[in-house]
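What follows is one structure encoded as structure tokens, with my remarks underneath.
Keep in mind that the numbers below use all heavy atoms, side chains included, and drop hydrogens, waters and symmetry copies.
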Amino acid sequence: MDVSPVEREAEVPVTAPYDAPGIFRFLAARAVAGVEAADLTRPEELRYARTLTLPGGPAAVLVSATRNRSWTLRARLHLAAAADQGPALAALRTLFDVDTDPAAADGRLATDPALAPLVRATPGIRIPGTVDPHELVVRALVGQQISVAAARTHLGRLAGALGTPYSPPGPPQGHPPRDRPDEDSLLTQLHRHFPTAAQIASGVPEPVSGERPDPERPLRLPGQGVRAVVGTCRALADGELTVHAAAEPDALRRELLARPRIGPRTAAYVAMRVLRDPDAWLDGDVALVAGAKAAGLLDPDLAPGAAHRALAVRAADWSPWRSYAAMHLWQLAGGRATMGRDARPRRSAP
């Protein structure tokens, strides 16, 4: 679908300190081809772009982070209607977690001697949000038993098959082309919207026992995983399952846990990113254990089960900021969670 080009630019104010490299790396590692694109080749200027569906129609946004003495964020918006500027900026503020008071989280976590060096090294760490709660649920379900890189491949195939096409924006009518080749190149990589729950529910065939699966099917997970995605998307589309930013965390977890193939770790991940829950804890995540061992929080020789139990006990002391502690440990774990490489890919963060 073509856009009536309405181009706007706006600063996205952030509360300093702000860990722009961490959040841009997180999003880049999970960027779905056609829906998102990122350029992190220049350490002093980071870029991320994606398509959005806004009240006035399809849109594309490009966010640049530039570092002078501190990080500043600027958004370039390509909208179907000028009135969509407010919703677009609101979505970006959530995605980039710009409104968190870093002093509160950093101050609490720095009281733990093992976390204090991580807080000093990366002040103002943030939790990536989401521009679409339903999209995040699908991402979490697809990625819950595979590596970040594998999930990205599956989601790219799903978006390519079922997502609504998008035409990259040109210059606004009557304006000459912008002299921003790097930004324009990033925007031209966008050609799809992430499929809606209804599109996935109707477009992904559920596997039939005894039948050989179609090699060209849009979602090539094992049968139970496909059924979980399709069934959850059908519930989202029908309103049987409601996932939105204003939900009560415990109620949302209960709703998610009542669904087939959704466990506590996946429900906590959804709460972390959809609800901006600062105190979610992903018990069982191996990258958290790897980061904790690297930080000296755990005996490196602890067996996996004992390590998870010990870390959960230690993490209770970080409440109500366990989500931010998790981001620190993921980053320390050699980039395993934030860069898409997990020591045990079947248990990586989606």
Side-chain angles (χ1 to χ4, degrees), residues 7 9-14 16-52 59-78 88 91-93 95-98 118 121-131 139 143 147-153 155-157 159-160 166 168-171 177-192 194 287 327-328 330-342 345 348-350:
E7 185 176 323
E9 292 195 19
E11 182 181 354
V12 182
V14 301
Y18 184 77
D19 177 30
I23 202 163
F24 273 77
R25 286 196 302 265
F26 190 102
L27 294 173
R30 292 157 177 77
V32 175
V35 176
E36 301 165 282
D39 179 3
L40 310 184
T41 56
R42 290 183 288 182
E44 303 299 316
E45 188 167 10
L46 313 171
R47 294 189 177 98
Y48 166 83
R50 71 157 293 153
T51 56
L52 294 176
V61 296
L62 185 147
V63 179
S64 300
T66 306
R67 180 166 59 187
N68 294 312
R69 299 187 67 178
S70 60
W71 287 98
T72 59
L73 266 59
R74 175 180 62 86
R76 178 176 167 187
L77 313 173
H78 291 268
L92 294 178
R93 296 188 72 81
L95 181 64
F96 285 90
D97 192 16
V98 299
L118 307 185
T122 310
I125 204 164
R126 302 303 167 101
I127 299 170
T130 181
V131 299
R139 287 175 178 260
S147 71
V148 171
R152 183 178 178 179
T153 298
L155 292 165
R157 186 183 298 117
Y166 175 79
R178 295 272 191 179
D179 184 20
R180 295 179 182 172
D182 292 343
E183 291 189 1
D184 292 339
S185 174
L186 208 61
L187 287 165
T188 59
Q189 297 178 42
L190 308 179
H191 54 79
R192 279 287 185 277
F194 196 88
M327 294 300 298
H328 278 293
W330 279 339
Q331 288 198 16
L332 185 62
R336 291 181 176 89
T338 55
M339 295 304 293
R341 298 180 59 185
D342 198 316
S348 61

Locate the shortest heavy-atom distance separating [X] from [Y]; write the atom from each residue and the value.
| X | Y | result |
| --- | --- | --- |
| A60 | Y166 | CB-OH, 3.1 Å |
| A287 | A333 | O-CB, 3.4 Å |
| W71 | P43 | CH2-O, 3.3 Å |
| F26 | P128 | CD2-CG, 3.4 Å |
| L187 | A49 | CD2-CB, 4.3 Å |
| R152 | A31 | NE-O, 2.6 Å |

Measure the [atom1]-[atom2] distance between [X] and [Y] for me, rounded to the nearest 0.5 Å.
| X | Y | atom1 | atom2 | value |
| --- | --- | --- | --- | --- |
| Q331 | L118 | CD | CG | 9.0 Å |
| I125 | W330 | CD1 | CH2 | 10.5 Å |
| R76 | R47 | CZ | CZ | 9.5 Å |
| H78 | E9 | NE2 | CD | 8.0 Å |
| I127 | L95 | CD1 | CG | 12.5 Å |
| L40 | Y48 | CG | OH | 11.5 Å |

query: Given side chains that start at C-beta, do those of D19 and M327 come closer than 4.5 Å, heavy atoms only?
result: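 No, their side chains stay 4.5 Å or more apart.
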message: Could you tell me if the side chain of T51 sits less than 4.5 Å from the side chain of R192, heavy atoms only?
response: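 No. Closest side-chain heavy atoms not under 4.5 Å.
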query: Got a donor-acceptor contact below 3.5 angstrom from the R126 side chain to the A20 backbone?
result: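 Such a contact is absent between R126 side chain and A20 backbone.
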field: Geometric class of the F96/F24 ring pair [parallel <30°, tilted 30-60°, perpendicular >60°]
entry: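 Rings of F24 and F96: tilted, 30 to 60°.
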query: Hey, mind stepping through V61 and V131 against side chain to side chain contact (heavy atoms under 4.5 Å, CB included) and telling me if it holds?
result: CA-CA 11 Å; V61 296; V131 299; over 6 Å; no
- prompt: What's the verdict on side chain to side chain contact (heavy atoms under 4.5 Å, CB included) for R93 and V12, showing C-alpha distance, side-chain angles and the deciding distance?
  reply: CA-CA 7 Å; R93 296 188 72 81; V12 182; 4.1 Å; yes
message: With side chain to side chain contact (heavy atoms under 4.5 Å, CB included) as the criterion, how do T66 and R74 come out once you've worked through the C-alpha distance, each side chain's angles and the decisive distance to 0.1 Å?
response: CA-CA 8 Å; T66 306; R74 175 180 62 86; over 6 Å; no
